[in-house]
Chemist: 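Submitted below is the structure of interest, expressed as structure tokens.
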2 protein chains.
Amino acid sequence: MHCNKVSRILPGMKPTPDPQGSLATRLQAAVQGRGQRWTEQRQLIADVLAASDGHATGAELVERVRAADPSATPSTVYRTLDLLEELGFASHHHGVDGRETYHLEEVLAHGHLHCQGCGAEVELDAAAAKPILAAIERVTGYAADLDHLSLQGRCPSCRAAAAR
Amino acid sequence: MHCNKVSRILPGMKPTPDPQGSLATRLQAAVQGRGQRWTEQRQLIADVLAASDGHATGAELVERVRAADPSATPSTVYRTLDLLEELGFASHHHGVDGRETYHLEEVLAHGHLHCQGCGAEVELDAAAAKPILAAIERVTGYAADLDHLSLQGRCPSCRAAAAR
DNA sequence: AACCTTATTGCAATGCATTGCGATAGACTA
DNA sequence: TAGTCTATCGCAATGCATTGCAATAAGGTT
């Protein structure tokens with residue numbers, strides 16, 4: 001399974017935004033530190049993900065990686081994304097349609113808000129989400145993962161339209 | 001697309017838990033009211049969904065329906081589930097693994113909480129979720145859809161373990 | 001340099017969900 | 001009852017994500 005791996009990220013294991021080493025360097029160190037290898041393909045996949053720094057679905061990433069290196073296969077791409085996720089350098093969440101969307105942790109962790117009326121998709125940064133996460137913790141005791149927070153509902157303008 | 005159809009459910013269109021007509025009767029009325037047809041297969045699919053009143057993934061529902069009527073195909077099952085959803089009688093959300101989980105609206109709308117540590121999955125009823133939805137509205141203006149609320153994080157005991 | 005161990009990769013197959021299309025069958029009209 | 005319109009269904013194909021397995025390549029050891 002794919003998602004369960006996320007749970008292996010323990011507090012403190014997340015990469016500290018180190019002004020020193022580049023992303024690639026830090027990635028390499030993290031991977032090799034686990035007795036694993038830093039390959040060209042992994043480098044490429046990380047580059048592609050970094051280049052599409054907003055969000056990209058798994059399929060999009062596969063496509064872009066294959067554009068740069070046709071020998072790369074989907075399995076390798078997905079496995080590498082899993083790896084990056086285990087290491088806390090990337091994360092993914094499931095969009096409205098259940099498809100995966102990946103992004104680098106570099107981009108501050110954030111949640112997603114989807115309007116069922118107009119389809120608008122807005123992001124929720126850590127500061128904005130704070131009260132929400134606090135409410136969740138108060139009610140449930142859970143420390144919710146902002147990055148997997150994918151809310152659906154109706155945006156203010158659609159609510160106004162519906163109330164009319 | 002699948003999910004977008006949910007947005008067609010307007011406030012007030014949801015079926016009121018009417019002690020009169022059975023679920024089947026109300027469904028039939030709703031479907032025929034739209035100039036559509038109430039078929040045996042649809043009846044069967046609704047029955048199966050009602051029988052698995054907790055939650056069931058799309059694949060599970062397909063399997064159960066086919067057990068009762070081998071002539072039914074996945075496409076029919078999924079299309080019917082979409083229909084039930086459009087009518088507000090059912091809903092689905094995407095679990096941690098991105099797979100779909102359906103349930104009848106009969107079962108009170110509720111959210112889901114998944115612990116990334118131990119995998120525990122707990123439900124969140126409307127009352128418990130109220131403060132959370134309120135916080136979301138305060139911060140974002142969005143009226144979040146409780147039913148699509150699928151949170152991930154760490155449960156209290158896993159948090160305690162991690163803090164150790 | 002030859003060797004061993006193990007991570008990584010590509011390939012092919014699988015599963016779930018979705019969609020287009022032609023065939024069928026239901027409902028309604030005359 | 002015959003005829004028309006259109007919703008529904010089954011089939012086959014497609015797309016995305018995942019996994020098992022065998023071949024390969026990388027890294028370290030002697």
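Throughout, protein chains are lettered first and strands after them, A, B, ... in sequence-line order, and every chain is numbered starting at 1.
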Chemist: Tell me: CG of B:D82 to C1' of C:dA17, nearest whole Å?
Modeler: 10 Å
Chemist: Just one of B:E60, B:R64, B:H103 clears the side-chain hydrogen bond (donor to acceptor under 3.5 Å, both in side chains) bar with B:S52, so which one?
Modeler: B:R64
Chemist: Hey, is the side chain of A:S75 pairing donor to acceptor with the base of C:dC11 inside 3.5 Å?
Modeler: yes
Chemist: Between C:dC16, D:dC9, D:dC16, spot the one nearest the side chain of B:T39, thanks.
Modeler: D:dC9
Chemist: Would you give the length of the straight line joining atom CG of A:L49 to atom CG of A:L104, rounded to the nearest 0.5 angstrom?
Modeler: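 A:L49 CG to A:L104 CG: 4.0 Å, rounded to 0.5 Å.
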Chemist: For A:R37 and D:dG27, is the shortest distance between a side-chain N/O and OP1 or OP2 below 4.0 Å?
Modeler: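 No, because none of the side-chain N or O atoms of A:R37 sits under 4.0 Å from OP1 or OP2 of D:dG27.
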Chemist: In this structure, how many angstroms lie between the P atom of D:dT8 and the CH2 atom of B:W38, rounded?
Modeler: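 Atom CH2 in B:W38 sits about 11 Å away from atom P in D:dT8.
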Chemist: How many whole angstroms separate atom CZ of B:R34 from atom P of C:dA27?
Modeler: 17 Å
Chemist: Mapping B:G35 and B:S71 onto DNA chain D by nearest heavy atom, which one lands closer to the 5' end?
Modeler: B:G35
Chemist: Determine whether any donor atom in the side chain of B:R79 lies under 3.5 Å from an acceptor atom in the base of C:dT19, or the reverse, and answer yes or no.
Modeler: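 Answer no: no donor N or O sits under 3.5 Å from an acceptor.
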Chemist: Figure out the CZ/C1' separation between A:R66 and C:dC11, and round it to whole Å.
Modeler: 11 Å
Chemist: Provide, to the nearest angstrom, the distance between the OH atom belonging to B:Y78 and the C1' atom belonging to D:dG15.
Modeler: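 Computing the B:Y78:OH to D:dG15:C1' distance gives 14 Å.
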Chemist: Measure the distance from CD on B:Q43 to C1' on C:dG26 and round it to the nearest whole Å.
Modeler: 17 Å
Chemist: Can you measure from CZ (A:R42) to CG (A:L44) and round to the nearest 0.5 angstrom?
Modeler: 12.5 Å
Chemist: Under the 3.5 angstrom rule, does the side chain of A:R26 hit a backbone N or O of A:F89 as a donor-acceptor pair?
Modeler: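 Here the side-chain-to-backbone pair does not exist.
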Chemist: Can you tell me how the ring of B:H112 sits relative to the ring of B:H93, calling it parallel under 30°, perpendicular over 60° and tilted otherwise?
Modeler: parallel
Chemist: When you measure from the side chain of B:Q36, which nucleotide among D:dA26, C:dA17, D:dT8 comes out closest?
Modeler: D:dT8
Chemist: To the nearest Å, how far apart are B:E63 CD and C:dA17 C1'?
Modeler: 16 Å
Chemist: Whole angstrom is fine here: how far is it from CD in B:E40 over to P in C:dT24?
Modeler: 19 Å
Chemist: More 5' along DNA chain D: B:T76 or A:V62, using each one's nearest nucleotide?
Modeler: B:T76
Chemist: Go nucleotide by nucleotide along DNA chain C from the 5' end; which of A:L83 and B:G58 gets its closest nucleotide reached first?
Modeler: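 Its nearest nucleotide lies further toward 5', so the answer is A:L83.
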